[in-house]
Structure formats: structure tokens, C-alpha cells
There are 2 protein chains.
Amino acid sequence: MSTKRRVPLDRKRVADAALNLLNEVGLEGLTLSAIGRELGVKAPALYWHFKDKQALLDEMATEMFRRMIAGTSPDPADTWRERLRKSNHALRTTLRGYRDGAKVFSGSRFTSLVHAEQMEDNLRLFTATGFTLAQAVRAITTTYVYTLGFVTEEQGTEPLPGQRREGFDLEERARAMEDFPLAAAAGAEIFADYDRHFTEGLEIVIDGIAARYGID
Amino acid sequence: MSTKRRVPLDRKRVADAALNLLNEVGLEGLTLSAIGRELGVKAPALYWHFKDKQALLDEMATEMFRRMIAGTSPDPADTWRERLRKSNHALRTTLRGYRDGAKVFSGSRFTSLVHAEQMEDNLRLFTATGFTLAQAVRAITTTYVYTLGFVTEEQGTEPLPGQRREGFDLEERARAMEDFPLAAAAGAEIFADYDRHFTEGLEIVIDGIAARYGID
DNA sequence: CAGCGGAACTTAACGCCGTTAAGGAGCGTG
DNA sequence: CACGCTCCTTAACGGCGTTAAGTTCCGCTG
């Protein structure tokens with residue numbers, strides 16, 4: 001037992017602890033009492049810092065994004081293509097860094113304007129390259145929802161990089177689908193090699209932007 | 001009180017009732033006792049038909065998909081572009097037909113092979129057009145995760161078509177972002193006109209497929 | 001036609017969850 | 001020294017998903 005008095009919590013320390021715990025127990029195991037335990041505090045204490053659990057999840061999503069941009073400063077020499085590549089690969093890496101990361105992220109709203117600066121910078125780059133504002137927004141959000149959707153699906157079978165969710169058997173799937181040979185063969189192409197497939201899909205979208213808006 | 005005896009439930013009738021209820025109360029209000037009430041049955045009765053709540057959600061997702069393909073028979077004369085357009089617009093329409101539809105859908109796994117036939121048919125069309133199997137899979141899943149991600153984001157602000165989620169004020173957002181003029185102006189471009197924006201993004205992806213794989 | 005077995009439920013209960021209410025310890029300020 | 005604020009605890013609530021045990025009724029078999 002320590003003689004010192006506890007240093008009070010704040011929103012960030014709670015979000016940090018919750019993000020740590022998330023990787024151990026997943027979203028369904030992420031209870032307020034478990035988070036409190038991690039912090040040496042009882043569950044209701046968290047209500048001093050957050051109005052409800054969703055507010056804490058929002059802070060967690062915001063913190064995830066904060067860590068992402070902390071790890072990457074935008075290169076002014078980037079082309080728009082490189083910028084899209086980097087930011088979406090970084091987004092995927094970030095989301096995959098947490099169990100159920102995509103679910104937590106897409107189910108929440110930012111508690112601050114962390115994303116505004118990156119957004120502004122990207123829009124500046126794009127409009128300076130020749131995109132209209134509307135085109136720039138379309139380009140950025142289309143890649144964004146692609147990445148979000150991809151990781152959501154990915155984490156449905158691989159909660160964390162390298163792990164496989166239980167009850168999922170690729171061979172069993174192929175056997176059940178023997179009446180649909182192409183679809184059966186597609187299984188190996190769908191549920192493996194996520195890194196390469198993500199990159200390929202992202203390049204498709206980027207090529208589409210270039211083709212549709214006539215910008216190299 | 002009726003003299004007739006209750007006709008027993010089955011998985012489909014439960015899933016139907018649950019899907020109806022979903023639109024009234026949303027995913028967070030979709031409790032087993034509420035579903036039971038809808039069917040004139042107590043909550044534990046549902047465990048006769050489903051091993052747990054997730055199994056019921058899985059059946060709901062499967063039923064959503066079943067209804068989608070029931071409403072659309074594939075036209076053999078479709079080009080691959082038309083096929084991608086139709087199937088992804090149909091998917092979005094389906095998901096938007098249920099409150100939290102995208103969340104329910106992407107958090108579940110099919111309980112039967114409903115999707116195999118459509119998949120097979122699409123893969124046949126694509127490979128016959130000149131795509132390799134790997135390219136065909138990439139084309140189909142890339143558009144698929146785009147649509148899933150799009151509707152997930154869309155339903156974050158518009159739970160059902162035409163409604164707006166509470167606590168979301170576009171003007172307030174613009175005011176908070178006054179230091180980031182482009183990002184602020186982008187708000188109107190992001191959070192409105194989802195129909196047009198979805199179509200535009202989908203066309204981007206389709207153009208990207210054509211450009212990247214050299215197929216018209 | 002009696003009796004049996006299984007199908008399809010109900011009732012009761014469990015532990016846990018998010019959340020609220022009330023209260024209390026420790027601190028700075030007048 | 002008392003007050004008030006910050007930050008937490010204890011106690012309690014209703015509701016949730018789930019399990020166990022018991023009940024009812026149908027259809028089959030001998």
C-alpha cells in the first residue's frame with residue numbers, strides 16, 4: 001500500500017488504458033469495471049470523466065487517430081497518389097493495431113478536431129494539383145471508406161494480425177461450395193494475403209480517381 | 001384467447017420479426033425479450049431455435065441477403081460494369097433498408113450458402129470477359145468493401161434514409177472548423193447527397209478496375 | 001387406446017452489465 | 001476553521017444474455 005495519494009485520472013489516461021485492454025479482451029470484453037480495474041479504480045469513477053460508455057469509445061477512436069498522425073508527418077513533396085497511399089496504409093495499420101479496431105473506430109465520433117488538419121492539408125494538395133474541391137473530397141472519402149470496409153471485413157476473420165478467428169475453416173468452406181467451383185476457388189483468394197489484396201484494391205481506387213478525373 | 005394452438009416458430013419467422021423490430025428500435029434496442037414479445041413468446045424460447053443471440057443476428061444478415069437476391073435476377077446480357085453497378089446499388093439499398101443494417105450485416109456470417117450462387121455467376125461473367133480469377137475476385141470484393149464502408153459511414157449520420165442522427169449539426173461543425181477552410185467547406189460535400197456520392201465513388205472504383213486490368 | 005418421447009415452450013434464476021444516487025475523503029481558499 | 005470543489009467509493013437498480021428445470025401438447029408405437 002502506497003503512502004502517496006493517487007494522481008487523478010483524466011480522459012487520456014482512461015482512453016489509453018481502455019485501448020490496452022481492448023487488445024487483450026476485445027470489444028465484447030471491454031467493460032467499464034475491467035477498465036477501472038486496470039486503473040485501480042471502480043467502474044462508476046469513469047463517469048466523472050465520461051458521460052457514458054460511448055463517450056469513452058469516442059475518446060478511444062480519437063486517441064487512435066491521434067497516434068496515427070503522431071507517427072506520420074505529411075511530406076509536402078508527395079504527389080496526390082503517394083499521399084493517398086500513405087494515409088490509407090497508415091489508417092489500415094492503425095486499425096489493425098487494435099482488436100476490433102475497425103468496429104470501434106467506425107462506431108464512434110471524434111471528440112476533437114484531430115482530423116481537420118490532415119484533411120485540410122490533403123485538400124490543399126489535391127486542389128493545388130488540379131482537383132476541384134468536390135473531386136478532392138470524393139477521392140479522399142472513397143479511399144477512406146474502402147479502407148474502413150476492408151479492415152472491417154479483414155478483422156472479421158483476423159481479429160489481430162496473424163491470428164485467425166475460431167470457427168473459420170477454409171477447407172470446410174471449399175467443400176461446402178463444391179457446386180460452385182469458381183466461388184470455391186475464390187476462397188483462397190479472399191481470405192488470405194490481406195496485405196497484398198489491400199494494396200491491390202487501393203491501387204484500383206487510386207487508378208480510378210486518376211482515370212475519372214483525368215489527373216495523373 | 002384463441003382456441004387454436006400456436007403454430008411453432010422457426011428460424012425464418014424469428015429472423016423476420018427481428019428484422020421488423022430492428023427498424024423500430026435499432027440494434028441497441030434489439031433485445032431477445034423484445035423479439036420474443038413480437039412473436040408472443042418469452043425470451044428463452046428463442047434458444048430452442050438459436051444457440052445464442054449472435055446466431056440470430058447471423059440469420060438476420062442471411063435473410064437480408066436472401067431478400068436482396070430475391071428482388072433481382074441477374075441479366076445475362078449485363079456487361080461486367082453493369083453487373084457491378086446493379087449488385088452494389090442493390091446491396092446499398094438493402095443495407096439502408098434496415099436501421100443499423102450495415103453494422104448488423106458486417107458483424108455477422110451467413111448461415112447458408114445464399115451468396116455462393118451470385119458469386120459464381122459473377123465470377124463466370126468476369127472470367128468470360130477476360131479477367132483472371134484473381135482479378136475478378138479483386139474487382140468484386142473491392143467494390144463490395146467500398147459499399148459496405150460507405151453505408152457504414154452513411155448510417156452513422158443517417159440511420160434510415162431521410163432521418164438524421166441526433167447531435168449532429170452541420171453548421172456547428174463548419175463553425176468549429178473555421179481555421180481549416182477547405183475542410184470546413186468539405187462538410188457539405190461529405191454529409192449530404194449520399195445517393196450521388198455513392199454512385200460517384202462506385203464509378204471511380206469501376207473505372208479503376210477497367211484501367212488497372214485493361215478491360216473495357 | 002394407453003403410454004411414451006420428443007418438440008416447443010415457460011418459469012425461475014444466475015451473474016454481469018451500464019448507469020444513477022448518495023456520500024465521503026482530501027485539498028485549496030476565505 | 002469552515003466551506004466548497006474535485007474525484008472517487010459504496011450501494012443499488014433495472015435490464016440484459018443465458019442456463020436449468022419443469023410443463024404442455026402432439027404424434028407415434030405397441
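Values below: all heavy atoms of this structure, side chains included; hydrogens, waters and symmetry mates excluded.
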Self-check item: Any donor-acceptor pair under 3.5 Å from A/R164 side chain to A/D169 backbone
Solution: no
Quiz prompt | Any donor-acceptor N/O pair, B/T62 side chain to B/T111 backbone, under 3.5 Å | solution = yes
Practice problem: May I ask you to verify if any side-chain N or O of A/S33 is less than 4.0 angstrom from the OP1 or OP2 atom of C/dC17? | Solution: yes
Exercise. For B/A43 and for A/L30, locate the closest nucleotide of DNA chain C by heavy-atom distance; then report the residue assigned to the nucleotide nearer the 5' terminus.
Key: B/A43
Quiz item: Expressed in angstrom and rounded to an integer, what is the separation of A/L56 atom CG from C/dT19 atom C1'?
Solution: 14 Å
Self-check item: Salt bridge B/R96-B/D195, side-chain N to carboxylate O under 4.0 Å
Solution: yes
Practice problem: Verify the contact: side-chain N or O of A/K42 to OP1 or OP2 of D/dT9, cut-off strictly under 4.0 Å; return yes or no. | Solution: no
Practice problem: Could you tell me which residues satisfy salt bridge (charged side-chain N to carboxylate O under 4.0 Å, His left out) with B/E63, sequence neighbours excluded, listed by chain and number? | Solution: B/K12, B/R66, B/R67
Practice problem: Please answer whether the main-chain N or O of A/R138 pairs with a side-chain N or O of B/H197 as donor and acceptor at a distance below 3.5 Å. | Solution: no
Quiz item: What is the distance from CZ of B/R11 to P of C/dA7, rounded to the nearest Å?
Solution: 16 Å
Quiz item: Under 3.5 Å, is there a donor-acceptor pair between the side chain of A/R99 and the main chain of A/Q155?
Solution: no
Quiz item: Between atom CH2 in B/W48 and atom C1' in C/dA7, what is the gap in whole Å?
Solution: 5 Å
Quiz item: Going by heavy atoms closer than 4.0 Å, what residues in residues 16-28 of chain A are next to DNA chain D?
Solution: none
Self-check item: B/L32 side chain, from C-beta outward: closest of D/dT18, C/dT10, C/dT19
Solution: D/dT18
Practice problem: Tell me, please, whether B/F198 has B/R92 positioned over its six-membered ring: NZ or CZ under 6.0 Å from the ring centre and within 45 degrees of its axis? | Solution: yes
Self-check item: Value in whole Å for how far the P atom of C/dG18 lies from CG of A/L46
Solution: 10 Å
Quiz item: Starting at CG of B/D52 and ending at P of D/dC16, how long is that distance when rounded to a whole Å?
Solution: 17 Å
Practice problem: Provide, to the nearest angstrom, the distance between the NZ atom belonging to B/K53 and the P atom belonging to D/dT19. | Solution: 14 Å
Practice problem: State which of D/dC8, C/dC9, C/dT19 makes the closest approach to the side chain of B/A45. | Solution: C/dC9
Quiz item: Is A/H49 near enough to D/dT6 that one of its side-chain N or O atoms lies under 4.0 angstrom from OP1 or OP2?
Solution: no
Quiz prompt | Rounded distance (Å) that lies between atom P of C/dA21 and atom OH of A/Y47 | solution = 12 Å
Quiz item: Rounded to the Å, how far apart are A/I35 CD1 and C/dC17 P?
Solution: 11 Å
Quiz item: Where the side chain of B/T31 is concerned, which of D/dG17, C/dA12, D/dC8 is the nearest nucleotide?
Solution: D/dG17
